[in-house]
Colleague: 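Take a look at this one; I'll ask things after.
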Amino acid sequence: MINVHDVTKSYGDVQALRGVSFDVAAGEIVGLLGPNGAGKTTMIKILTGYLQPDEGTVVVDEIDVLDKPIEVQSRIGYLPENAPLYPELSVQDYLRMIADLRQVPPEDQTERISDAVVDTSLVEYLNRPIGKLSKGLRQRVGLAQAILHRPKLLILDEPTVGLDPTQILEIRKLIKRLAQNSTILFSSHILPEVEALCDRAIIIMNGRIRADARLADLEATDNAILVLQKRVGGVEATLKQVTAIDKVETMRTSDGVPSYRIYGKHGADLCPLVYDVARQNDWPLRELRRDARTLESVFNEMATAA
Ligand code: ADP
Ligand code: MG
């Protein structure tokens, strides 16, 4: 659905994108995740044909965006970073204007608008001027315009920025619902958002893709976590004698149960090994599991490595 290859873009001497490549398949919901200034909006404007890259190719739904931006724009739904809404227009009049702009045939407009406001739960606000709506409702109007022409692909630039926690949850729920029928690429600088919404994250920093992975893979580690029912002597020393084990760390826990994080050498699966050691030594085992990194820690590691 999206193929981006080696895209670069500078604003004067600011290099916003430095050789960005990624693909999104039909049906995926992908988060473009990165801190402010990473290049997310620049990438999205290029994807949607509103900005020309300096170099590289961008293909959306098998159409070259550089050759045919208008055709691409007619097929995608786009929620820009600052949705250009018209405060004096009612929701209904605004959506009708958008339907005209997108050349939805007049006989279909009423049905399309009705579907869009049902999907975004805006029915009761149809006659309200946009300027009188809360930020959360305005964001829903932005989503309603993005889905009006029933696009196969939705591109959303920081869809929850500036919303309060309740509004954020509502918009996330809505995006999840929209994902049942469309491919979605959305940008965010908020990790939990990406974790809540998608299976795959493309992490962008400083104009470069730093990771492109399924969240489960990004979060997986080879480390093991061992929790005992009560403290016993010599746990660390005993574990360190196992060849495959590199390092043992005592973890701080609030309930005071002895917990250890065990680091392995070269990708060994530690849990079976640790289990054997625990049995041989009669340790009162309470829990043994693979350690998972949070996306937060992945992100921080990358930020400090950058
Ligand atoms: P993000 O959306 O991830 O916050 P942007 O794509 O908006 O990042 O910006 C990437 C970089 O390009 C930043 O350093 C930003 O300051 C710079 N930039 C963005 N737009 C412009 C512009 N119109 N003129 C000059 N610099 C810009
Ligand atoms: Mg941005």
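When a ligand or atom number is given, it counts from 1 through the structure's own listing order.
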Colleague: Say whether Val14, considering both its backbone and side-chain N or O atoms, lies within less than 3.5 Å of an N or O atom on ligand 1.
Modeller: no
Colleague: Among Gly37, Pro35, Gly39, which one has a heavy atom closest to atom 4 (O) of ligand 1?
Modeller: Gly37
Colleague: State, yes or no, whether a side-chain contact exists between Thr48 and Val72 at a heavy-atom distance under 4.5 Å.
Modeller: no
Colleague: Does Asn36 reach ligand 1 with a nitrogen or oxygen that is under 3.5 Å from one of the ligand's nitrogen or oxygen atoms?
Modeller: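 In this structure, Asn36 places no N or O atom under 3.5 Å from an N or O of ligand 1.
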Colleague: Measure distances from the Mg ion (ligand 2) and count the protein N, O or S atoms below 2.8 Å.
Modeller: 2
Colleague: Which atoms of ligand 1 are found less than 4.0 Å from any heavy atom of Ala38?
Modeller: 1 (P), 3 (O), 8 (O)
Colleague: Between Lys265 and Asp222, is there a salt bridge with N-O shorter than 4.0 Å?
Modeller: no
Colleague: Could Lys40 and Glu81 be called an ion pair, given the rule that one side-chain N must be under 4.0 Å from one carboxylate O?
Modeller: no
Colleague: Tell me whether Asp119 is salt-bridged to Arg177, with the criterion being a basic N under 4.0 Å from an acidic carboxylate O.
Modeller: no
Colleague: Nearest protein heavy atom to atom 25 (C) of ligand 1, by residue and atom, and its distance?
Modeller: Tyr11 CB, 3.3 Å
Colleague: Heavy atoms only: which of Leu17, Thr42, Asp13, Leu51 lies closest to atom 9 (O) of ligand 1?
Modeller: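 Among Leu17, Thr42, Asp13, Leu51, the closest heavy atom to atom 9 (O) of ligand 1 belongs to Thr42.
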Colleague: Below 4.0 angstrom, N of the basic side chain to O of the carboxylate: do Asp164 and Lys135 qualify?
Modeller: no
Colleague: Looking at atom 15 (C) of ligand 1, would you say a protein heavy atom lies below 4.0 Å from it?
Modeller: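 Given the 4.0 Å limit, the answer for atom 15 (C) of ligand 1 is no, no protein heavy atom qualifies.
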Colleague: Please check whether Lys40 reaches ligand 1 - meaning an N/O of the residue sits under 3.5 Å from an N/O of the ligand, judged on distance alone.
Modeller: yes
Colleague: Do NZ/NE/NH1/NH2 and the carboxylate oxygens of Glu170 and Arg172 come within less than 4.0 Å?
Modeller: no
Colleague: Ignoring hydrogens and geometry, is there a side-chain-to-backbone donor-acceptor pair from Ser182 to Ile184 under 3.5 Å?
Modeller: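 Checked: no pair found.
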Colleague: Per the side chain to side chain contact (heavy atoms under 4.5 Å, CB included) rule, which among Leu226, Thr238, Ile245, Leu270 passes with Val277?
Modeller: Thr238
Colleague: Do Arg290 and Asp269 meet the salt-bridge criterion of a basic N to acidic O distance under 4.0 Å?
Modeller: yes
Colleague: Give the numbers and elements of all ligand 1 atoms closer than 4.0 Å to a heavy atom of Thr41.
Modeller: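 Every atom of ligand 1 under 4.0 Å from some heavy atom of Thr41: 1 (P), 2 (O), 6 (O), 7 (O).
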Colleague: With ILVMFWY side chains joined below 4.5 Å, transitively, what does Leu95's cluster contain besides itself?
Modeller: Leu85, Tyr86, Leu89, Val91, Tyr94, Met97, Ile98, Leu101, Ile113, Val117, Val118, Leu122, Val123, Tyr125, Leu126, Ile130, Leu133, Leu137, Val141, Leu148
